[in-house]
Amino acid sequence: MRIRGPIVDVGEPRTVGGGTDLVEITIRPERGAADPVRVTLWNKWSETADYAEAGMELLVTDAEESEFQGEVGYETTPDSWVVLEPEFLVDVTAVRSWVQCPRMYYLNKLSGVPLKYPVVKGTVVHEVFGDLLRGRDLEDSIDHRVAEAGLELGALGYDRKEVEDEVRRNAAAVEGWLQQGTLTEEDTWRSEYTLISPTFGIKGRADALRRGMPVELKTGKNTKREPRFQDKMQAACYALMLEEQGVDVEGHSPSGSQTQSGNADTATLLYTKNTALERAEETGDLAPAKEFSVGPGLLKFVVRTRNELAAMEFDAAVPTGFEADARCQYCFEQDTCMVVSGRLDQESKAGQIGKPLPAAERAYFEGFYQGIEAERREVHAEYRKLWEQTAGERAEDDRALLDLEPLDREELPGGRWRLRARKPDDAVSKLRPGDVALASDGDPVSGHAELCRIQSLGTGKAGAEIVVEADEPVDVCRLDVYPSELSVDRMLTALHDGVLKGDPGRKDVLFGRRDPEFSGPQREYVGNNDAQNEAVNLATRAEDFALVHGPPGTGKTYTIAQTVQALIEQGERVLLSAFTNRAVDNALEAVREQGVDDAEIVRFGTESGIREDMQDVRLEQAGDPGERISELRDASLVAATTASCGSRIMREEAFDVALVDEASQLTEPATLAAINLAERFVLVGDHEQLPPVVQAEGGKRWAPEHSAATDGGTAAESGGDGATADRPPRLDLSTSLFERLHEMAPEASVLLDRQYRMAQRIQAFSSREFYDGALRPANGEVAAQRIADLPGVDVDAIPRNLRGSVSFVDPDGERAGNTNPTEADRVAEVVDQFVAAGVDEEDIGVIAPFRAQVAEISRRVDATVDTVDRFQGSSEEVIIVSFVATGELSGPIYDDPRRMNVALTRAKKSLVLVGDAGALSSDPFYDRMLDWARREL
DNA sequence: GCTCTGCGAAGAGGA
């Protein structure tokens, strides 16, 4: 049986008769009696006691009931697996680097995989290997895959020919091996096999499976008889997961598709620099392929190693680091290792370089590290939904599209597949075209699943056709969101780059040790708006940073365009960034409209993320290395999301100024990803609108005084005499850097106070509640605009209660979950009434707090319907807000008034609030809103 | 009890 639960107590390891080790761990089982129960771990599993501690989750499979001294408990059997913290999903490559050296694991995590030639070449060879397995022609594949890596190769100074030759030599070893009778009629192959293990808490992608057994490609040389230990561990991880899955793999062989199940007791490592094929018979050492048997002992060692790693991650604290028995002498990470040790004042075998961080910086680093790791756990929780979802919850969950009917599959040139499926119902999900998703036969964990990219989802209606592309074919019965740790990884590397490697002068201003400085002459950039003109001056004269505070409709985007143009004219190289692709494209559009030469501009990012009209300046990554990299390096303006700024390529770029839009929606580490690349920075945002989305409750609030570094650590520098001395700055993921600096250095900030969007009545509430009344209409025309101004509108045809610029409607509905159908009906009726009076449906927007209500309303109207969060940044002539709540305002969505500030400031001429007066009047803020909305009745 | 966008992900190596 399986036993699982949080650990209450860890006993002392003991040795009993005949030298058998055991340890008793007390856990509180999740099922049945709540009483703690004793679990005896025998033999090697007793090692778990070395790192297990109270609070960690323990899972024991195949446990047996046992009685000892009259007490009933459980014990491991020879078939048991013991897993610590199974919910922490360890990556296979993490296990690999951990066995090499635990510090290497941490360093990779902190500093990311750098832009180095062996990495890029290795990736290319892996891709060629996959292509070969999928039947692609070798030369065609090499040509294509080397071209794809064009930009990275260019950044490394390589030319295409030499890389092609080297890849060809590596691939020849693979191809030779494949042709050496190994690829027979009986062989079944799968490339790029995604594995996720709920039991062992491991995930990863095997390079290939042959007859259901893992094959791992290594683009190096290994002349020893045995594979390298860390390579064996990696392959054994896959073998372990395959065994759990009871692999039943659909693969293809030269004779066509067939199904075969295998027992993963053998794994193969392919060392592509071992090229002595002709002598392979007599000298097994030099043959590229090394097979080895994966016995139960190795598998258990894999699990114990993984447990050790998961236990070390338990408290989500900055690693103190130890090297186990690694030898540093030949380590490629030596430099990084010494720098990190030096900055964090850690002991390390390799030694330390540089001075330890001042206490305030140390606290900052540790606090954000923990916040980011808490977010990582939230990503792991998303993975759990892949297997925890039960039939009963299906209707509520929107992370997957279920019960799809597979249609056809089509092989694309290059060996990829286009797969189609039909959606039987009108279910909506978070999935969107361009997303990476997991397409499966219905069971994404133990069934057949493939990573894919969504091409199209049709409409939300029943019968819509779904199209995805994947490396291998699968009957698409289900499509899941594929959770990614990418953004947490990028935040971590940005934190590393900013704090451990960051420029001391930059850190002085970020930590309030020095005031931001400005220099140079004032000029007139904007003639008719003093605040905007001041903003451009502040941004262009900033020696350190400038902040532009732009409330709704105040011409933020125009100000950005003016600023970027002015900076480029000063001869500066500019990075334009924001959290979302949409925001980046919007800002870039304004810059282009301003007349900045297209030849100066590069839009960096994925093809599917970038808007159609910006594709012409998008940097194509594939092509000639030299050409690709000069296109990037020669651009005076590079526009990219903050996530892209953390990419290997962008981390190597340098700018004079980074300008970040919608900076108030970015976590501080995400902002660092952009500003790390520049000497100076300008943040544009509004902290009175939506803050960054943070998942983890614990990650939202922490104060530096609670951090380990402040007691003890380096007391030499205490953080200076800035804001930090008076009261600790608000350092948490849900406070943006924009907001923090705005409080710390108000003199570096300009408020854009004139808005060009809303009628006077509409803006009044927001101005009073959020901007101390400072927000005002830019001119009389803006202030006095009315719905009657819209062409073809007959005001008399609009019901009297909706004629004013702000109105309130109580539909007397009932909240049901996150929807309110009666209210949705009433919203649709209001839309119809406006349309009947001649308002173009395209000029109407509907906003609701919940996605479920958005879906409810979308079924009834053709106007744009979206959540508040997704409406930020845009506006419509007429806006209708659905509040959903009845009776009381229960739910976190109502807690943050800034969300309402966004919803209420999207309308230009008419704003209709649809909600339950009882619920709204139950909260002082919403009650004031109600007063304001009703006053005009 | 909610809101959510990014990213192909994983990719290497010597004594």
Side-chain angles (χ1 to χ4, degrees), chain A residues 91-94 96-97 100 104 108 113-114 116-127 129 148-149 152 192 194 203-207 216-224 228 230-231 234 271-273 327 329-333 378 416 430 432 434-437 451-453 469-471 481-491 578-584 605-609 640-648 662 665-666 670 673 690-695 817-818 848-852 854 866-872 884 889-896 898-899 902:
Chain A
D91 217 278
V92 172
T93 50
R96 179 181 199 270
S97 60
Q100 270 186 278
M104 188 184 290
N108 283 340
V113 177
K116 285 188 184 167
Y117 178 64
V119 183
V120 179
K121 184 199 69 188
T123 308
V124 172
V125 175
H126 274 80
E127 280 163 347
F129 177 52
E148 263 182 359
E152 294 199 313
E192 301 285 8
T194 304
K203 64 181 163 71
R205 244 159 51 121
D207 286 342
E216 192 56 33
L217 191 71
K218 296 289 158 199
T219 47
K221 184 183 270 192
N222 179 3
T223 52
K224 302 257 168 58
R228 268 189 286 269
Q230 62 265 30
D231 297 343
Q234 185 175 1
Y271 293 93
T272 60
K273 271 194 194 163
R327 278 183 298 172
Q329 192 181 353
Y330 306 111
C331 182
F332 293 92
E333 301 297 334
E378 295 297 319
R416 278 173 65 82
K430 300 180 111 161
R432 286 188 229 288
D435 284 357
V436 175
L451 272 187
C452 67
R453 191 180 273 284
E469 281 183 20
D471 280 341
V481 171
Y482 187 73
S484 167
E485 294 183 37
L486 184 119
S487 61
V488 288
D489 286 341
R490 298 246 160 124
M491 281 199 277
F579 181 46
T580 63
N581 276 307
R582 198 173 56 149
V584 172
T606 54
E607 187 174 0
S608 61
T641 59
T642 49
S644 290
C645 288
S647 68
R648 280 204 300 247
E662 301 200 351
Q665 283 194 81
L666 280 166
L690 288 167
V693 175
V694 178
Q695 306 267 22
N818 288 334
F850 306 106
R851 239 179 312 127
V854 166
D866 233 321
T867 55
V868 186
D869 299 59
R870 284 173 56 83
F871 240 104
Q872 176 152 341
V884 181
L889 287 176
S890 74
I893 199 90
Y894 301 105
D895 288 347
D896 195 336
R898 293 175 291 186
R899 180 166 277 109
V902 174

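Protein chains get the first letters and strands the later ones, always in sequence-line order, with residue 1 at the start of each.
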Measure [atom1]/[X] against [atom2]/[N] and give the value in whole Å, please.
{"X": "Gln100(A)", "N": "dA12(B)", "atom1": "CD", "atom2": "C1'", "answer": "9 Å"}
{"X": "Lys116(A)", "N": "dA12(B)", "atom1": "NZ", "atom2": "P", "answer": "14 Å"}
{"X": "Glu662(A)", "N": "dT3(B)", "atom1": "CD", "atom2": "P", "answer": "20 Å"}
{"X": "Glu192(A)", "N": "dA9(B)", "atom1": "CD", "atom2": "C1'", "answer": "8 Å"}

Mind checking [X] for me? I need base, sugar-phosphate or nothing, with any heavy atom below 4.0 Å counting as a touch.
{"X": "Asp895(A)", "answer": "nothing"}
{"X": "Asp896(A)", "answer": "nothing"}
{"X": "Asp866(A)", "answer": "nothing"}
{"X": "Gln230(A)", "answer": "base"}
{"X": "Thr580(A)", "answer": "sugar-phosphate"}
{"X": "Asp489(A)", "answer": "nothing"}
{"X": "Arg416(A)", "answer": "base"}
{"X": "Thr606(A)", "answer": "sugar-phosphate"}
{"X": "Leu889(A)", "answer": "nothing"}
{"X": "Glu216(A)", "answer": "sugar-phosphate"}
{"X": "Pro692(A)", "answer": "nothing"}
{"X": "Lys218(A)", "answer": "sugar-phosphate"}
{"X": "Tyr117(A)", "answer": "nothing"}

Does [X] have a side-chain nitrogen or oxygen under 4.0 Å from the phosphate oxygens OP1 or OP2 of [N]?
{"X": "Asn818(A)", "N": "dG1(B)", "answer": "no"}
{"X": "Ser647(A)", "N": "dC7(B)", "answer": "no"}
{"X": "Asn581(A)", "N": "dT5(B)", "answer": "no"}
{"X": "Arg490(A)", "N": "dC7(B)", "answer": "no"}
{"X": "Ser644(A)", "N": "dG6(B)", "answer": "no"}
{"X": "Arg851(A)", "N": "dC4(B)", "answer": "yes"}
{"X": "His126(A)", "N": "dA12(B)", "answer": "yes"}
{"X": "Thr642(A)", "N": "dG6(B)", "answer": "no"}

Backbone N/O of [Y] and side chain of [X]: donor-acceptor pair under 3.5 Å:
{"X": "Asp435(A)", "Y": "Ala437(A)", "answer": "no"}
{"X": "Arg490(A)", "Y": "Ala643(A)", "answer": "yes"}
{"X": "His126(A)", "Y": "Asp207(A)", "answer": "no"}
{"X": "Arg453(A)", "Y": "Val436(A)", "answer": "no"}
{"X": "Asn818(A)", "Y": "Ala852(A)", "answer": "no"}

Tell me which nucleotide among [options] gets nearest to the side chain of [X].
{"X": "Gln695(A)", "options": "dA12(B), dC2(B), dC4(B)", "value": "dC4(B)"}
{"X": "Val436(A)", "options": "dA9(B), dG1(B), dC2(B)", "value": "dA9(B)"}
{"X": "Glu333(A)", "options": "dA12(B), dT3(B), dA9(B)", "value": "dA12(B)"}
{"X": "Ser487(A)", "options": "dA12(B), dG6(B), dA10(B)", "value": "dG6(B)"}
{"X": "Ala643(A)", "options": "dG1(B), dA9(B), dG6(B)", "value": "dG6(B)"}
{"X": "Thr123(A)", "options": "dA10(B), dT3(B), dA12(B)", "value": "dA10(B)"}
{"X": "Arg228(A)", "options": "dA15(B), dT3(B), dT5(B)", "value": "dA15(B)"}
{"X": "Arg870(A)", "options": "dG8(B), dG6(B), dT5(B)", "value": "dT5(B)"}

#### Entry: Glu485(A) bridged to Lys203(A) by N-O distance under 4.0 Å
yes
### Query
Would you say the base of dC4(B) and the side-chain of Gln665(A) have a donor-acceptor pair closer than 3.5 Å?
no
Counting C-beta onward and ignoring hydrogens, is there a side-chain heavy-atom pair between [X] and [Y] closer than 4.5 Å?
{"X": "Arg870(A)", "Y": "Val854(A)", "result": "no"}
{"X": "Ile893(A)", "Y": "Arg899(A)", "result": "yes"}
{"X": "Lys121(A)", "Y": "Val124(A)", "result": "no"}

## Note on the structure
Of Asn108(A) and Ala640(A), the one whose closest nucleotide on DNA chain B sits nearer the 5' end is Ala640(A)
#### Entry: Separation between CE of Met104(A) and CD of Glu333(A), rounded to the nearest 0.5 Å
5.5 Å
### Message
Show me the dot-bracket string of DNA chain B, counting Watson-Crick or G-U pairs under 3.5 Å, with | for pairs to another strand and [ ] for crossing ones.
### Response
...............
